[in-house]
There are 2 protein chains.
Amino acid sequence: MIRILLADDEHLIRGAMAALLSLEDDLEVVAQAATGAEALATARVVRPDVAVIDLQMPDLDGVSVAQALASDLPTCSTMIVTSHGRPGHLKRALAAGVRGFLPKTVSSDVLATVVRTVHNGGRYVDPALAAEAISAGDSPLTPREADVLELALEGAPIDEIARRASLSPGTVRNYLSSAVGKTGASNRHEAARLARARGWI
Amino acid sequence: MIRILLADDEHLIRGAMAALLSLEDDLEVVAQAATGAEALATARVVRPDVAVIDLQMPDLDGVSVAQALASDLPTCSTMIVTSHGRPGHLKRALAAGVRGFLPKTVSSDVLATVVRTVHNGGRYVDPALAAEAISAGDSPLTPREADVLELALEGAPIDEIARRASLSPGTVRNYLSSAVGKTGASNRHEAARLARARGWI
DNA sequence: CGGGCGCGATGACATCTGTCATGGGTTTCT
DNA sequence: AGAAACCCATGACAGATGTCATCGCGCCCG
């Protein structure tokens with residue numbers, strides 16, 4: 001019997017997924033959580049075999065949870081399900097030791113199959129997402145450029161970005177200018193949008 | 001027996017919701033759809049009592065489906081479930097004749113209860129969403145301002161917005177300036193973000 | 001060791017944006 | 001009829017932004 005921890009902030013979906021997984025004879029949902037922190041705390045107590053975690057949750061990112069889980073419970077395999085599959089998320093997730101990565105558009109039997117796969121030490125990444133991630137390519141942005149661009153996401157003026165990044169406004173403009181060039185955008189706002197769409201930030 | 005049509009692009013969730021609803025003795029999921037168009041076509045054939053529709057789907061907006069359904073099948077009550085509840089969506093949905101509006105964070109028994117409620121001619125809106133919608137207030141933007149601001153969402157430069165809106169660049173700047181003032185933002189990009197967050201566009 | 005790269009900064013310049021005043025046209029309400 | 005709101009446009013001005021050249025510093029790699 002594979003013991004599963006389920007984490008998703010949407011009760012409806014979590015409950016529904018639990019119901020579906022419980023239909024399988026060899027699967028058992030032993031715990032559920034609605035937030036990342038809750039998932040982490042619960043996992044430490046129940047020590048599940050597999051953790052099925054939603055990517056976007058109110059507090060902790062699914063990837064962060066996976067990372068913590070990987071060091072805390074090495075015997076527990078983590079897989080991520082998500083509604084909006086961005087290439088960058090996939091890359092980060094894989095780096096965090098995630099064994100499975102699925103969009104929520106998959107059918108329930110695929111989900112069950114993948115649970116078994118990762119429990120057996122295998123890996124599984126949705127083919128469509130994998131293709132997207134490959135085609136998106138590596139980020140050409142330097143770490144600092146990515147930082148600054150991320151701060152630009154909300155549309156703040158340069159002076160505020162500079163304050164938040166503890167940089168001179170001129171430096172911020174240089175980084176942004178470089179990022180605009182690399183993304184092919186016509187201004188930093190579009191650049192920030194594109195970079196996020198490509199999973200670079 | 002209440003006959004239900006279920007529309008959601010995420011197979012996993014749709015299947016799971018179907019499983020949950022079928023657990024209820026008086027509810028029966030008679031059809032499922034993965035897109036808005038599919039939902040509409042299916043509904044015309046099976047004529048369900050209640051349509052449970054996801055707000056965001058690949059092709060047709062959930063609200064558009066609801067609107068079409070309201071005129072096509074007056075006997076069918078429509079309710080919307082959504083992951084991201086923006087106040088503006090609620091308002092539009094209500095205007096389209098939607099009888100129930102729920103976030104996906106609700107529990108399954110609430111979902112079943114609401115299905116029965118709307119089938120009996122009642123209405124139900126999630127209290128948290130309702131409160132949010134009320135506090136967000138009416139949009140202070142004029143229709144044209146909203147148009148232009150929407151085109152600004154993607155970060156395009158003013159000249160492109162002007163072309164896409166068939167306006168003079170100067171006029172675009174005037175509208176945007178007005179919108180920036182009304183939203184309390186410091187530039188059009190932030191204004192666009194805020195307006196979307198408040199459901200004004 | 002030298003070169004390449006990233007980090008942080010400055011200054012100069014052209015352009016883009018935001019703001020304001022102004023005007024004329026339409027529709028709607030009083 | 002008059003006021004008020006919206007639509008569309010123009011012109012002017014200041015400040016924000018994008019771009020480029022240039023500098024010094026530290027790091028790593030061949």
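Chain letters run A, B, ... following the sequence lines, proteins first, then strands; residues in each count from 1. These numbers were taken from a predicted model, which means no experiment stands behind them.
With axes fitted over five pairs at each extremity, the angle between the ends of the helix from C:dC1-D:dG30 to C:dT30-D:dA1 is 30° (10° resolution).
Partners of B:R144 according to the salt bridge (charged side-chain N to carboxylate O under 4.0 Å, His left out) rule, which considers only residues two or more places apart in sequence or in another chain, are B:D147. With sequence neighbours left out, B:R163 forms a side-chain hydrogen bond (donor to acceptor under 3.5 Å, both in side chains) with no residue at all. Every side-chain contact (heavy atoms from CB on, under 4.5 Å) that A:A43 has, sequence neighbours left out, goes to A:L5, A:P48, A:L69, A:L73. With sequence neighbours left out, A:D126 forms a side-chain hydrogen bond (donor to acceptor under 3.5 Å, both in side chains) with no residue at all. For the side-chain contact (heavy atoms from CB on, under 4.5 Å) test, no residue two or more places apart in sequence or in another chain qualifies with A:A197. By the salt bridge (charged side-chain N to carboxylate O under 4.0 Å, His left out) test, B:R196 pairs with no residue at all, sequence neighbours left out.
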Using atom names, set out every protein N or O paired with an N or O of nucleotides 20-29 of chain D below 3.5 Å, distance rounded to 0.1 Å.
from	atom 1	to	atom 2	distance (Å)
D:dC20	N4	A:N174	OD1	2.9

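Remark: B:R188 in residues 188-196 of chain B come within less than 4.0 Å of DNA chain C through at least one heavy atom. Less than 4.0 Å separates DNA chain D from at least one heavy atom of each of the following residues of residues 158-166 of chain A: A:I158. Against DNA chain D, the stretch residues 142-157 of chain A makes heavy-atom approaches under 4.0 Å through A:P157.
Straight-line distance from the CG atom of B:L141 to the P atom of D:dC7: 11 Å, rounded to whole Å.
Here B:R198 does not pair with B:E132 in a salt bridge; the nearest charged N to carboxylate O distance is not below 4.0 Å.
Note that the first and last nucleotides of DNA chain C, 5' to 3', having any atom under 4.0 angstrom from a heavy atom of chain A are C:dG6 to C:dT10.
Residue B:T171 has a polar side-chain atom (N or O) positioned under 4.0 Å from OP1 or OP2 of D:dA9.
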